[in-house]
Structures are given as structure tokens and as C-alpha cells.
Amino acid sequence: ETSNILPKYCLTTPNRRRTHLANRFNLENKEACPEIMSMEVVGSADPEDRLMRVLSQDNTTGDCMQVGKESNFPFLFRYPCDQDKSSQLVNPLALPSLIWSMHQQFERSAQHVHLAYSSFCGAHGALSSLAFQQIFAGESRRRISRKVSECHFAPVIRFGTFVETGIIYDKTSGDWPNWNTLLADNPVLCPPGEALTGFKLESGSNKYMFECSRIGGLGIQYEYFSAQVEVTKFDHVRNNWLGAVR
């Protein structure tokens, strides 16, 4: 589950040197960030640009930071120093935006937890869509053809607390009395400036709970509606309500 304590990410130097991906700098969750590079002025470069030399344990190395692209997103790599290579002459003011881009890519592939009856986004993610068969029926990765919930990158400033809904469901029973009125009468809404970052079924109370978190730079809000489906019968039998949430 998510935590109210935001993790700290550090830029770490790659160790292997055999492939393009092995030369890429990584972001890791650490308590303290070590010094990994020194900035040097190069006479042939523009005044604001620097050659960023990677530090080793004895502070001597022949490697420098180099800007490159991967899937059309900028990344930082480690290659032998070459002051005549424009991709190694970096403006220090550009580093925050480069690392920000790396954060986006990192959060697209890590720290997202999508399980049966629950879905959570990572430290920089918000739920962009819910897979209702996963949330309400417990069907997730066991059904390959079914999509689990999805997260999009979002700069979470402060995690919220989980709030109870009026949606009650006993997952040990196949029946779900009044499922249609429970879902219709209990909309999940986040206040302005916040977005949905977690949705789960609390096993003790059999109530669904959701978490809204404060998001930095959040733009216009929009309501999310599920696709229209045909419901055979509005009763408690699993075969009838299951088709409506798939």
C-alpha cells in the first residue's frame, strides 16, 4: 500500500559497461545520495555548459555523463569522456528537467501494485483507469485477456488517507445483494487539486476504500464514466453482476 512518507531518489552510476542500457544512469530509492560526479569547465564549450566527470572511489575516472534518448525520452548515460562531443557538454540548469523525465519513465514501470480487489499507484502516479473486473470480481492477472488498472505519472506532493465508501462486498460469497444501487449511490470523488491514487476492499469491514492525494501542477479535472454494458438482470446472482463489471 502507499505511504505518507515520500521516498528519496538518487541518481546512481551504472557498473556494467557492455551494452547501451548498461551505461544508463538509474534512479534508486535511498536514504542519502552520494556524490557521483564533478563539473568541469571546458574552454571550447559555451560558457554555461559543463563536462560532468563521473567519480569513482579514488576520484579518478575516464568516464563522463552523456545525454541520450530512449523511446523518445531523454536519459543520462555514462561513456568515455570526449569534450568535443556536444552530448557531453551539459548545462547544469538542464539537469532537473532531465532527472524529472527519468522519474516519469521510472514510475511507469515500477511501484504500481495492481491486485485482486485493490489497486495502488507508486510515489509519482495516479490511477488513470480502473479495471472493474479486477476491483470488484477479483479477476486480475489470472485472466491474461483482461487489463488491470492503469497508472499515469503524476507528481504526488502529499499522500492522502483512505476513506470509506458505502460500497459493501463480501468476497467470500458469490452473491452481491444490491450491487447496482451500491455502485450508483456511492460515487468516488476527489477534491480539487487531488487525484485517485488507491482503491481497495477492506477485508475486515467488507467496505471499499479509496485514497486521494495532492498532485502538483494538476490541470483541468474531468469525470470518469465506465462504458455502457447490457445487464441481463439486476439481482444478487454472480453471473448477472459479473457481466456488468467486465
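Model, not experiment: these values are computed from the prediction.
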Worksheet item: Mind checking whether Phe136 and Phe132 have parallel, tilted or perpendicular rings, split at 30° and 60°?
Response: parallel
Discussion item. Among Lys85, Gln66, Met65, which residue satisfies the side chain to side chain contact (heavy atoms under 4.5 Å, CB included) criterion with Tyr79?
Written reply: Gln66
Worksheet item: Do Gln134 and Glu139 have side-chain atoms, one donor and one acceptor, less than 3.5 Å apart?
Response: no
Worksheet item: Would you say the side-chain atoms of Ser173 and Asp175 include a donor-acceptor pair closer than 3.5 Å?
Response: no
Worksheet item: Mind checking whether Trp241 and Tyr169 have parallel, tilted or perpendicular rings, split at 30° and 60°?
Response: perpendicular
Discussion item. For a quick check under 3.5 Å, do Thr197 and Glu211 share a side-chain donor-acceptor pair by atom type?
Written reply: yes
Response to the item:
Here the gap from Met209 atom CE to Ile167 atom CD1, rounded to the nearest 0.5 Å, amounts to 12.0 Å
Worksheet entry | Pairing residues for Val163 by the side chain to side chain contact (heavy atoms under 4.5 Å, CB included) criterion, not counting sequence neighbours | Phe210
Fill in: Distance in Å, Glu48 CD paired with Leu89 CG, rounded so as to fall on 0.5 Å steps
10.5 Å
Worksheet item: Within the side chain of Asn186, is there an N or O that forms a donor-acceptor pair under 3.5 Å with the backbone of Gly166?
Response: yes
Discussion item. With rounding to the nearest 0.5 angstrom, report the CZ to CZ distance, Arg53 to Arg50.
Written reply: 14.5 Å
Item to complete: Flag this pair as yes if the NZ/CZ of Arg24 is under 6.0 angstrom from the six-membered ring centre of Phe77 and inside a 45 degree cone about the axis; otherwise no.
Response: no
Fill in: Path from Phe234 to Ile168 over hydrophobic side-chain contacts below 4.5 Å
no
Item to complete: Check whether the ring centres of Tyr208 and Phe199 lie less than 6.0 Å apart, and answer yes or no.
Response: yes
Practice prompt. Enter the distance from Leu127:CG to Cys121:SG here, rounded to the nearest 0.5 Å.
Written response: 3.5 Å
Worksheet item: Hey, are Lys207 and Glu202 close enough for a salt bridge, meaning a charged N less than 4.0 Å from a carboxylate O?
Response: no
Discussion item. Side chains of His114 and Ser119 only: does a donor on one sit below 3.5 Å from an acceptor on the other?
Written reply: yes
Worksheet entry | Closest contact, heavy atoms only, Ser87 versus Val90 | O-CG2, 4.1 Å
Worksheet item: How long is the span from the CH2 atom in Trp176 to the CG atom in Asn240, to the nearest 0.5 Å?
Response: 13.5 Å
